[in-house]
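Just so it is clear, the model here is predicted, and its values are computed rather than measured.
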Amino acid sequence: MAYRVVAAVLVAAWLFPALAEGAVRHYKFSVVMKNMTRLCATKPIVTVNGTFPGPPLYAREDDTVILRVVNHVQYNVTIHWHGVKQLRTGWSDGPAYVTQCPIQPGQSFIYNFTLTGQRGTLLWHAHISWLRATVHGAIVILPKLGVPYPFPKPHKDVIIVLGEWWKSDTEVVINQAMQSGLAPNVSDSHTINGYPGPFPNCTSQGYTLHVEAGKTYKLRIINAAVNDELFFKIAGHNLTVVEVDASYTKPFTTDTIFIGPGQTTTAILTADQPVGKYLIAISPFMDTVVAVDNFTASGFLRYKGTHAFSATALTAMPPQNATPVTNTFTESLRSLNSKQYPAAVPLTVDHSLLFAIGVGINPCATCVNGSRAVADINNVSFVLPTTALLQAHYYNISGIFTDDFPGNPPIPYNYTGNTTTNFQTTNGTKVYRLAFNSTVQVVLQGTALLAPESHPVHLHGYNFFVVGRGVGNYDPLKDPKKFNLVDPSERNTVSVPTGGWTAIRFRADNPGVWFLHCHLEVHTTWGLKMAFLVDNGKEPNQSILPPPSDLPQC
Ligand SMILES: *[C@@H]1O[C@H](CO)[C@@H](O)[C@H](O)[C@H]1NC(C)=O
Ligand SMILES: *[C@@H]1O[C@H](CO)[C@@H](O)[C@H](O)[C@H]1NC(C)=O
Ligand SMILES: *[C@@H]1O[C@H](CO)[C@@H](O)[C@H](O)[C@H]1NC(C)=O
Ligand SMILES: *[C@@H]1O[C@H](CO)[C@@H](O)[C@H](O)[C@H]1NC(C)=O
Ligand SMILES: *[C@@H]1O[C@H](CO)[C@@H](O)[C@H](O)[C@H]1NC(C)=O
Ligand SMILES: *[C@@H]1O[C@H](CO)[C@@H](O)[C@H](O)[C@H]1NC(C)=O
Ligand SMILES: *[C@@H]1O[C@H](CO)[C@@H](O)[C@H](O)[C@H]1NC(C)=O
Ligand SMILES: *[C@@H]1O[C@H](CO)[C@@H](O)[C@H](O)[C@H]1NC(C)=O
Ligand SMILES: *[C@@H]1O[C@H](CO)[C@@H](O)[C@H](O)[C@H]1NC(C)=O
Ligand SMILES: *[C@@H]1O[C@H](CO)[C@@H](O)[C@H](O)[C@H]1NC(C)=O
Ligand SMILES: *[C@@H]1O[C@H](CO)[C@@H](O)[C@H](O)[C@H]1NC(C)=O
Ligand SMILES: *[C@@H]1O[C@H](CO)[C@@H](O)[C@H](O)[C@H]1NC(C)=O
Ligand SMILES: [Cu+2]
């Protein structure tokens, strides 16, 4: 296995020697307020360059991106390049108070990173408070020049960004919830490339995808929603999934895409149906009692030559609680694992961790019910520091964090049972320390305290392999026997099933401080987050680079 990996790398280097060095791409993102009308109401929103979704970022594998963010709004801002591995460039990762202090009003910061070993679709988004609701956009990583896709090249590339829209200001929504201790209001609609489609009592625009019969389209589908896992469907058409989270997959065909916040799915659409108009729709997945925005956003797939008044072919969305649809989709995902793109799954494990993840309740004298909703990993509700963790680590500043994050729940219990104890969590700013190049397995175990819920968990700085998943409690004796260590899906965000578990593996070969958190923003806000601190290796090219001179200070 190891020999095959080395051989493939050597062959690639021999075939494409002149292309090892990428180009430099310069970008500027201006963060500005913009009045935007949706659902027949207008409000000012934070944007990049005045657009919603924001501008796409295009680059090739091996390119270096030099991207200057200028903050013209009254909020602190940071931007995260979601899924970009940031090898040794943690300073450019973006989560506020983890890898950097915020870019304050009137300030700017240059993000500087190289796209290594990844190709496909990712997303960028603000990573502070709830600004990512409107500050997000696509990242498209094209293959190196001359390197083909491992599938027939489609006629056209199409970016499809899914989002969520609140009529209220989203900063007010989350601030209100943090004061009351209650769950934040759900959004008023979902959006497809910024548009909700028909809305009750509002003639609202919908997104239209124009196609020509006989042609193929590469849909780069991105879930940039704040709190909702979504189903995506196009009436009358199947989709062939070829890549998720900028990793090629074995192609498989489905009529429904299941996609969590922070995830991306690239799928090929063939315009093989009679000329006409077909509904594109997204609806939420929620298989427990938690409130969710139940609005189905819609748009059209429109063939060239469609008559102006032709009827739209409709489609039935899966029921909101369609767990089997999510299982079928998730279990169909496999790494391509070809000679050129091998799946480097760690076969041994240096750190075997069990993270119990869920929501709880803590007392709060000033809150509406005398208590507040919280979320945690292994009973720790993570509290962000006031200096970035990476700076504290790099400059050896003590008192900012401790490196005693628990690798297991402090008191084992029936995680998916109906226990009524253990609701309370502790506060902490704790990291889990890893030696350079050690291998890690994390079993993400959903808990059923309050309500069990599906959590799309995101790791910064790495892709991981999803080696196993199941319902109920993880069984450390039986379940590893069923792990897929050959071609498991490789990604940066995985949906842990409601009342179940997911096992991931990665090799800690990127030094720095790397955030791990639920990508439902409400749970992140409540504390379902932690960080890995990965020490430098011994070789000079195994150390984090020095911080950029314009790194914002707290
Ligand atoms: C954003 O706007 C600035 C001008 O304010 C412009 O220089 C820059 O090229 C724009 N960026 C993109 C990605 O369109
Ligand atoms: C939004 O519209 C309001 C009311 O017309 C106006 O006062 C405000 O300046 C506008 N904001 C922006 C960013 O254009
Ligand atoms: C980007 O980072 C590289 C080192 O990784 C450095 O050589 C280069 O000067 C940086 N560019 C800018 C514009 O900061
Ligand atoms: C949230 O919903 C409650 C109840 O409907 C409402 O009173 C409140 O104004 C809403 N908050 C925001 C920020 O929209
Ligand atoms: C739509 O408008 C009608 C008539 O004004 C009203 O009765 C109905 O409650 C409205 N529906 C919604 C969802 O606002
Ligand atoms: C979609 O795929 C399913 C299962 O392979 C097949 O039964 C169906 O006919 C396909 N539909 C279209 C429109 O190609
Ligand atoms: C969506 O939720 C609202 C409020 O809970 C409810 O009144 C409405 O019937 C729901 N709509 C659908 C389509 O389920
Ligand atoms: C955990 O609780 C569930 C639900 O009550 C129950 O079905 C299961 O048997 C329990 N597991 C253990 C190990 O006690
Ligand atoms: C937990 O579930 C068991 C079996 O379903 C039931 O007998 C018991 O009453 C439940 N306990 C609580 C606290 O709901
Ligand atoms: C935990 O941290 C939160 C801030 O994130 C704070 O409001 C709360 O008082 C803290 N609780 C305790 C027990 O320290
Ligand atoms: C990491 O460890 C693996 C397995 O021991 C080894 O093959 C690899 O060369 C190491 N990588 C680095 C960068 O040290
Ligand atoms: C912006 O960030 C700075 C540095 O962390 C902090 O002192 C300030 O309070 C923040 N401002 C707001 C409005 O949160
Ligand atoms: Cu969550």
(request) For side-chain contact (heavy atoms from CB on, under 4.5 Å), just list the numbers for N223 and T493, CA-CA rounded to whole Å, side-chain angles, deciding distance to a tenth of an Å, and then say yes or no. (result) CA-CA 11 Å; N223 186 343; T493 306; over 6 Å; no
(request) Before giving the answer on side-chain contact (heavy atoms from CB on, under 4.5 Å), spell out for V534 and N510 the whole-Å C-alpha distance, their side-chain angles and the decisive distance to 0.1 Å. (result) CA-CA 7 Å; V534 179; N510 187 14; over 6 Å; no
(request) Tell me, with the steps shown, if E490 and Y341 meet side chain to side chain donor-acceptor pair (under 3.5 Å). (result) CA-CA 11 Å; E490 179 181 349; Y341 303 104; over 6 Å; no
(request) For F285 and T323, run side-chain contact (heavy atoms from CB on, under 4.5 Å): C-alpha distance rounded to whole Å, both residues' side-chain angles, the deciding distance at 0.1 Å, then the answer. (result) CA-CA 8 Å; F285 164 61; T323 316; 4.1 Å; yes
(request) Output, in order, the C-alpha distance, side-chain angles, deciding distance and verdict of side-chain contact (heavy atoms from CB on, under 4.5 Å) for Q107 and N71. (result) CA-CA 6 Å; Q107 291 186 345; N71 182 1; 5.5 Å; no
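Environment of CZ in R68: sparse, with no more than 12 heavy atoms of neighbouring residues, nucleotides or ligands closer than 6.0 Å.
Inspection of the T439 and D350 side chains reveals an N or O donor paired with an N or O acceptor under 3.5 Å. Residues T426 and N379 have side chains that never bring a donor and an acceptor to within less than 3.5 angstrom of each other. Side-chain N/O atoms of N541 and R88 include no donor and acceptor closer than 3.5 Å. Between the side chains of W501 and T416, no donor N or O sits under 3.5 Å from an acceptor N or O. Side-chain contact annotation: T498 with S454, donor-acceptor N/O pair under 3.5 Å absent.
With T264 contributing its side chain and I222 its backbone, the two residues share no donor-acceptor pair below 3.5 Å. Under the 3.5 Å distance criterion, the side-chain polar atoms of Q542 are matched with a main-chain donor or acceptor of K538. T99 places a side-chain N or O within 3.5 Å of a backbone atom of G94 that can act as its donor or acceptor partner. Distance alone, capped at 3.5 Å, places no donor-acceptor pair between the N536 side chain and the P511 backbone. Judged by distance alone, with hydrogens and angles left aside, the side-chain atoms of N327 form no donor-acceptor pair with the main-chain N or O of E331 at under 3.5 Å. With hydrogens and angles ignored, the 3.5 Å screen pairs no side-chain donor or acceptor of T265 with any backbone N or O of I221. Side-chain N or O atoms of N378 include one that pairs as donor or acceptor with a backbone N or O of L354 at under 3.5 Å. Side-chain atoms of E164 come within 3.5 Å of backbone N or O of N227 as a donor-acceptor pair. Judged by distance alone, with hydrogens and angles left aside, the side-chain atoms of S30 form no donor-acceptor pair with the main-chain N or O of N49 at under 3.5 Å. Judged purely by atom type and a 3.5 angstrom limit, Q391 has no side-chain atom pairing as donor or acceptor with the backbone of L551.
Here the straight-line distance linking atom NE2 of H127 with atom NE2 of H125 works out to 5.0 Å at 0.5 Å rounding. Here the CZ-CG distance, from R220 to L123, works out to 13.0 Å after rounding to the nearest 0.5 Å. Taking OG1 of T78 as the start and CG of L131 as the end, the distance is 8.5 Å to the nearest 0.5 Å. Rounded to the nearest 0.5 angstrom, L485 CG and L347 CG are separated by 6.0 Å. To the nearest 0.5 Å, atoms CZ (F382) and CG (L516) are separated by 10.5 Å. One finds the CZ atom of R433 at 4.5 Å from the CG atom of D535 (value rounded to the nearest 0.5 Å).
Under the 4.5 Å side-chain criterion, counting only non-hydrogen atoms from C-beta, V84 is in contact with L115. Counting only heavy atoms from C-beta outward, the side chains of Y474 and P480 approach each other to under 4.5 Å. Contact annotation: the side chain of W130 approaches that of V522 to within less than 4.5 Å [non-hydrogen atoms, C-beta and beyond]. Contact check for N112 versus T89: no side-chain heavy atoms found under the 4.5 Å cut-off. Using a 4.5 Å heavy-atom threshold, the side chains of W514 and V98 count as separate. A heavy-atom distance below 4.5 Å is not found between the side chains of V77 and V135. You'll find the side chain of I544 stays beyond 4.5 Å of the side chain of H393, heavy atoms only. The closest side-chain heavy-atom distance from L459 to V442 is not below 4.5 Å.
For residues 470-554, every residue pair satisfying the disulfide (SG to SG under 2.5 Å) rule, not counting sequence neighbours, is listed here: C101-C554.
Side-chain rings of Y394 and W91 approach one another, their centers coming within less than 6.0 Å. F151 and Y149 have their aromatic ring centers within a separation under 6.0 angstrom. Aromatic rings from F252 and F329 are positioned such that their centres are separated by under 6.0 Å. In summary, the aromatic rings of H80 and F515 are positioned with their centroids too far apart to meet the 6.0 Å limit. Centroid-to-centroid, the aromatic rings of H82 and H136 stay 6.0 Å apart or farther. Under the 6.0 Å cut-off for aromatic ring centres, F355 and Y432 do not qualify, their centroids lying 6.0 Å or more apart. You'll find the ring centres of H523 and H517 outside the 6.0 Å limit.
Under the side-chain hydrogen bond (donor to acceptor under 3.5 Å, both in side chains) criterion, R119 pairs with E61, not counting sequence neighbours.
Below 30°, between 30° and 60°, or above 60°: for F109 and Y111 the angle between ring planes is above 60°, a perpendicular geometry. Note on ring orientation: taking the six-membered ring where Trp is involved, the planes of H519 and H458 are perpendicular (angle over 60°, cut-offs 30° and 60°).
When all heavy atoms of I268 and P154 are compared, the pair lying nearest together is CD1-CG, 3.6 Å. Here the shortest heavy-atom pairing between T134 and V46 reads OG1-O, 2.6 Å. Between I174 and T525, the shortest heavy-atom distance links the atoms CD1-CG2, 3.8 Å. Of all heavy-atom pairs between P53 and V161, the closest is CG-CB, 3.8 Å. The two residues D487 and K250 make their nearest non-hydrogen contact at OD2-NZ, 2.7 Å. Looking at every heavy atom in both residues, V380 comes nearest to N427 through CG1-C, 4.5 Å.
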